[in-house]
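Position 1 is the first residue of the sequence, and the numbers go up from there.
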Amino acid sequence: QQDAKDNEIAYIVVDTNKDSAATAATWKAKGIVKQVQLTSDQWADENPQLTSVRWSDNSERFILAWYKTSETAFGSQVNDIPLAAIDKDGELDPTFVDSLSDLKVSMNEEIDPRFVFAKMSDAVNEVDNLSMVWKNSEVETDETTGESIQRDSLRAVKFGATGSQFYLSSVQDIGTAEDFTQLDSLSVYVSAADGRQVKGILLGTTYTTDAFEAGSISTEDGEDIPVYVSQTISNLYTSTGYYKNAFNG
């Protein structure tokens, strides 16, 4: 299995318009405009996500994000989501938000590696309607029984733009699963014209307190010990969340 530390992030921009100078008898695209390697280090770069949005000047940009795991000089693990805004010529836009590291610093937010961009229809596809969504694991203790209750919730952040300046909203809760339920798959979209409402269709697995005997293991003394596995229930859920007007500059 390939080590995630061997992964690097690169992009290629291809012009699919017809090349009028091509000598081929059949249609031929202009081809590669630019290719760029964004990372070249010993750190893990995983789960690249790509979307396209309309910029404030009505041009189109690609937004590329990925999950990066690195270490400090003292050996502490650091997780981040770097971002790159790329125009049609393959050039990077230096004014765009370069990562979500401020969320960890200001809000102590841990972002799940399997984050996604919220999908947008053409009508709302603007850079300041762009959202990123991930799941977050919550654990609380029942004060009466002392039982630990685990559930997943949905967290989201929205991008904002004023002229050539870009901002991140505060992190918002946009849905919470049932007790003992883990969210396995997320499909999220922006559902309001101002970008402040996000809806999702989610696949979740609930781990019940019921269990069945799946087999047994034998000890060195010859004793057979039964192995019990929790029964699970898979369900589809819907979620609707709203952003409040709170931006971190």
Side-chain angles (χ1 to χ4, degrees), residues 46-53 63-67 79-81 83 100 103-104 107-160 168-212 214 228-247:
E46 304 174 89
N47 188 33
Q49 297 290 306
L50 184 69
T51 190
S52 63
V53 296
I63 306 298
L64 177 62
W66 65 97
Y67 190 81
N79 300 320
D80 194 13
I81 307 289
L83 294 133
L100 300 190
L103 298 181
K104 185 174 179 63
M107 303 186 67
N108 197 31
E109 184 70 24
E110 291 290 344
I111 300 177
D112 187 84
R114 292 167 294 179
F115 69 93
V116 297
F117 285 114
K119 297 178 176 65
M120 292 187 287
S121 67
D122 289 341
V124 299
N125 188 2
E126 304 282 350
V127 64
D128 54 355
N129 288 337
L130 181 65
S131 284
M132 294 177 69
V133 182
W134 60 92
K135 71 173 186 175
N136 182 57
S137 181
E138 300 178 353
V139 179
E140 66 178 32
T141 302
D142 189 298
E143 296 181 356
T144 303
T145 64
E147 180 183 23
S148 293
I149 300 173
Q150 186 274 334
R151 69 181 73 86
D152 280 352
S153 64
L154 278 187
R155 307 276 280 170
V157 66
K158 179 180 177 294
F159 293 83
L168 292 173
S169 74
S170 58
V171 177
Q172 305 284 318
D173 281 308
I174 61 170
T176 302
E178 299 173 327
D179 291 351
F180 306 108
T181 298
Q182 175 180 301
L183 298 176
D184 304 312
S185 179
L186 316 177
S187 181
V188 187
Y189 63 97
V190 176
S191 52
D194 62 1
R196 295 189 180 184
Q197 184 186 76
V198 179
K199 292 186 176 182
I201 300 174
L202 321 168
L203 177 63
T205 299
T206 301
Y207 295 85
T208 69
T209 55
D210 298 328
F212 64 93
Y228 293 94
V229 177
S230 296
Q231 292 186 347
T232 60
I233 300 173
S234 294
N235 283 306
L236 283 174
Y237 301 90
T238 60
S239 174
T240 302
Y242 301 87
Y243 286 104
K244 298 177 182 178
N245 189 15
F247 281 87

### Query
Looking at D112, N47, N79, which hits side chain to side chain donor-acceptor pair (under 3.5 Å) with Y67?
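That would be N79; it is the only one of D112, N47, N79 passing the side chain to side chain donor-acceptor pair (under 3.5 Å) with Y67.
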### Query
Looking at N235, T181, D179, which one forms a side chain to side chain donor-acceptor pair (under 3.5 Å) with T206?
T181
### Query
Which residues pass the side-chain hydrogen bond (donor to acceptor under 3.5 Å, both in side chains) test with E140, sequence neighbours left out?
R151
### Task
Please list, chain by chain and in numerical order, all residues satisfying side-chain hydrogen bond (donor to acceptor under 3.5 Å, both in side chains) with S153, sequence neighbours excluded.
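Partners of S153 under the side-chain hydrogen bond (donor to acceptor under 3.5 Å, both in side chains) test: E138.
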Using a 3.5 Å cut-off and no angle test, enumerate the donor-acceptor pairs between side-chain atoms of residues 184-191 and protein atoms at least two apart in sequence or in another chain.
unit_1, atom_1, unit_2, atom_2, d
D184, OD1, Q182, NE2, 3.3
D184, OD2, T205, N, 3.4
D184, OD2, T205, OG1, 2.5
S191, OG, Q197, O, 3.2
S191, OG, Q197, OE1, 2.7

Is the shortest heavy-atom distance from the side chain of [X] to the side chain of [Y] under 4.5 Å?
X	Y	result
I174	T240	no
S170	Y243	no
F115	L100	no
L103	V157	yes
P113	E46	no

So, taking the atom named [atom1] in [X] and the one named [atom2] in [Y], what distance separates them when rounded to the nearest 0.5 Å?
X	Y	atom1	atom2	result
R155	T176	CZ	OG1	9.0 Å
S52	L130	OG	CG	10.0 Å
T51	M132	OG1	CE	10.5 Å

### Message
Test side chain to side chain contact (heavy atoms under 4.5 Å, CB included) on F159 and L168; report intermediate values, then the result.
### Response
CA-CA 5 Å; F159 293 83; L168 292 173; 3.5 Å; yes
Donor-acceptor pair, distance only, cut-off 3.5 Å: does the side chain of [X] make one with the backbone of [Y]?
X	Y	result
D152	L183	yes
D173	G175	no
K158	D128	yes
T141	E143	no
N129	V124	yes

Shortest non-hydrogen contact from [X] to [Y]?
X	Y	result
Q49	F117	O-CE1, 3.5 Å
F180	S148	CE2-O, 3.5 Å
V53	N125	CA-OD1, 3.2 Å

#### Entry: Pair L83-I63, side chain to side chain contact (heavy atoms under 4.5 Å, CB included): steps then yes or no
CA-CA 7 Å; L83 294 133; I63 306 298; 4.1 Å; yes
### Task
May I have the step-by-step check of side-chain hydrogen bond (donor to acceptor under 3.5 Å, both in side chains) for Y237 and E178, ending in yes or no?
CA-CA 10 Å; Y237 301 90; E178 299 173 327; 3.1 Å; yes
